[in-house]
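Below is one structure, written out as structure tokens, with a few remarks after it.
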Amino acid sequence: ALPISNYLTEQTGLPVYLNPSVNALALMDNLSYSTQRRSKNIIYLQLHDVVNIAVLNQEKPLDSSTRHPILFGHIPVEILQGLDCYCGGKGCLETLVSVSSILKQARILLADYPASILNQKEINIEAICQGANIADSLCLKILDSVALQLAHPLAMMINILVPQLILINSPLNSSDEYWYTQLHHYINLYVNPLYRSKLLIEKSTFSIKESETAVIHHSLY
């Protein structure tokens, strides 16, 4: 791997720190709400065009000492029949639940749901969430599928790391009441019973632009 930060430091004479965007989002959320939040061990899920997690252990990123990002979105979940992923793998989680993958699935299923609201709208995440909020069967099926695909890899992380809270940053949060219920349900099928009762799922609404100051703060200290 190319040591980009070291190279940039040599060229500019300034210290350069690189962080995954999910770490920046998690740090920003923690800086904003840590005094109000009892949970200190947190899994922060970013589900946009990329899918990744940050793990805060006692409010510190788990990968801060190793400087190797957690490649959650590249866990292979459909090895035999999965799609090729840009990382070089096959059947990665990101090929199933990223925003682009969700929209592709909606277009494939649309013909089977002639009564769906998506036949009357441009197919985007906002339309899917709007449909789910009025119980559109296709939109509910799509969000249910995303929850099911995420549940097993998230549950494995929960069994190992024992967080008290999962924070989710995603445009799917517009339909969080249904989607979170389904995600919680499927996670409970896989997670150890000892960790079910106290696990919370909540939304985070920070943008990557807003989180830049958190990375600067973390780098300074």
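Hydrogens, waters and symmetry mates play no part in the numbers below; they use all other heavy atoms, side chains included. Worth saying up front: this structure is predicted, and the values here are computed from it rather than measured.
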Any side-chain heavy atom of Ile102 within less than 4.5 Å of one from Leu172?
yes
Side chains of His74 and Asn52, donor plus acceptor under 3.5 Å:
no
Quick check: closest heavy atoms across Leu165 and Leu199, and the distance to 0.1 Å?
N-CD1, 4.2 Å
Under 6.0 Å from the NZ atom of Lys141, do we count more than 12 heavy atoms belonging to anything else shown?
no
Can you check whether Cys139 reaches Leu118 side chain to side chain, under 4.5 Å on heavy atoms?
yes
Return yes if some donor-acceptor pair links the side-chain N/O of Glu94 with the main-chain N/O of Val51 below 3.5 Å, else return no.
yes
State plainly whether one hydrophobic cluster holds both Met156 and Leu148, where clusters connect Ile, Leu, Val, Met, Phe, Trp and Tyr through side-chain heavy atoms under 4.5 angstrom apart.
yes
For Lys104, look at atom NZ and say whether over 12 heavy atoms of other residues, nucleotides or ligands are found less than 6.0 Å away.
no
Given side chains that start at C-beta, do those of Gln130 and Lys121 come closer than 4.5 Å, heavy atoms only?
yes
Are Leu154 and Phe72 close enough that some pair of their side-chain heavy atoms sits under 4.5 Å apart?
yes
Measure the shortest side-chain to side-chain distance between Cys129 and Ile125 over non-hydrogen atoms and say whether it is less than 4.5 angstrom.
yes
Whether Tyr33 and Phe206 hold their rings parallel, tilted or perpendicular, with breakpoints at 30° and 60°
tilted
Is there side-chain contact between Leu45 and Asn169, with at least one heavy-atom pair below 4.5 Å?
no
Verdict with reasoning, Asp112 to Leu110, per side-chain contact (heavy atoms from CB on, under 4.5 Å)
CA-CA 5 Å; Asp112 296 331; Leu110 192 60; over 6 Å; no
Would Ile128 end up clustered with Leu96 when hydrophobic side chains under 4.5 Å apart are linked, directly or stepwise?
yes
Any non-hydrogen side-chain atom of Leu25 less than 4.5 Å from a side-chain atom of Leu27?
no
Using the rule side chain to side chain contact (heavy atoms under 4.5 Å, CB included), only one of Ser21, Ser170, Ser204 pairs with Gln46; which is it?
Ser21
Spacing of CG belonging to Leu138 relative to CG belonging to Asn119, to within rounding of 0.5 Å:
8.0 Å
May I ask whether Ile123 and Ile108 are part of the same hydrophobic cluster, defined by side-chain heavy atoms of I, L, V, M, F, W, Y residues being less than 4.5 angstrom apart, directly or through others?
no
Flag the pair His185 / Tyr180 as yes when their ring centroid distance falls below 6.0 Å, and as no otherwise.
no
Verdict with supporting geometry, Gln105 and Ser145, side-chain contact (heavy atoms from CB on, under 4.5 Å):
CA-CA 10 Å; Gln105 182 188 12; Ser145 176; 3.5 Å; yes
Could you measure the distance from the CD atom of Glu202 to the OH atom of Tyr44? Nearest 0.5 Å is fine.
12.0 Å
CD1 on Ile43 to CE on Met157, rounded to 0.5 Å
5.5 Å
Under a 3.5 Å distance rule, please check whether Thr12 uses its side chain to pair with a backbone N or O of Leu14 as donor and acceptor.
yes
More than 12 non-hydrogen atoms from neighbouring residues, nucleotides or ligands closer than 6.0 Å to NZ on Lys198, yes or no?
no
Nearest 0.5 Å please: distance from the NE2 atom of His152 over to the CD1 atom of Ile187.
11.5 Å
Group every Ile, Leu, Val, Met, Phe, Trp and Tyr by side-chain heavy-atom contacts under 4.5 Å, then state whether Ile160 and Ile70 land in the same group.
yes
Is the closest basic N to carboxylate O distance between Asp29 and Arg37 below 4.0 Å?
yes
Hey, mind stepping through Leu103 and Val99 against side-chain contact (heavy atoms from CB on, under 4.5 Å) and telling me if it holds?
CA-CA 6 Å; Leu103 298 180; Val99 165; 4.2 Å; yes
Are Tyr190 and Asn159 close enough, and set up right, to give a side-chain hydrogen bond (donor to acceptor under 3.5 Å, both in side chains), and what steps lead you there?
CA-CA 9 Å; Tyr190 301 110; Asn159 285 336; over 6 Å; no
Any donor-acceptor pair under 3.5 Å from Lys90 side chain to Gly82 backbone
yes
Verify, without hydrogens or angle tests, whether Ser175 (side chain) and Ala132 (backbone) share a donor-acceptor contact under 3.5 angstrom.
no
Can Val77 be reached from Val50 by stepping across I, L, V, M, F, W or Y side chains whose heavy atoms are under 4.5 Å apart?
no
Check: Ile168 main-chain N/O paired with Asn173 side-chain donor or acceptor under 3.5 Å:
yes
Starting at OH of Tyr195, measure out to CD1 of Ile158 and round the result to the nearest 0.5 Å.
11.0 Å
Flag if over 12 foreign heavy atoms under 6.0 Å of CZ, Arg38
no
Please check if the side chain of Ser207 supplies one atom and the backbone of Glu210 the other of a donor-acceptor pair under 3.5 Å.
yes
Asp176 backbone acceptor or donor facing Asn133 side chain under 3.5 Å:
no
How close do Met28 and Ser32 get, counting heavy atoms only, and between which atoms?
O-OG, 2.9 Å
Do Asp136 and Ser116 have side chains that approach each other closer than 4.5 Å (heavy atoms only, starting at C-beta)?
yes
Nearest 0.5 angstrom please: Asn23 CG to Asn30 CG, how far?
11.5 Å
If you count heavy atoms of other groups shown closer than 6.0 angstrom to CD of Glu122, is the number above 12?
no
Please determine whether side-chain contact (heavy atoms from CB on, under 4.5 Å) holds for the pair Ile166 and Ile42, giving the CA-CA distance in whole Å, both sets of side-chain angles, and the decisive distance to 0.1 Å.
CA-CA 6 Å; Ile166 296 176; Ile42 297 168; over 6 Å; no
Closer than 3.5 angstrom, by distance alone: can the side chain of Thr95 be matched with the main-chain N or O of Gly91 as a donor-acceptor pair?
no
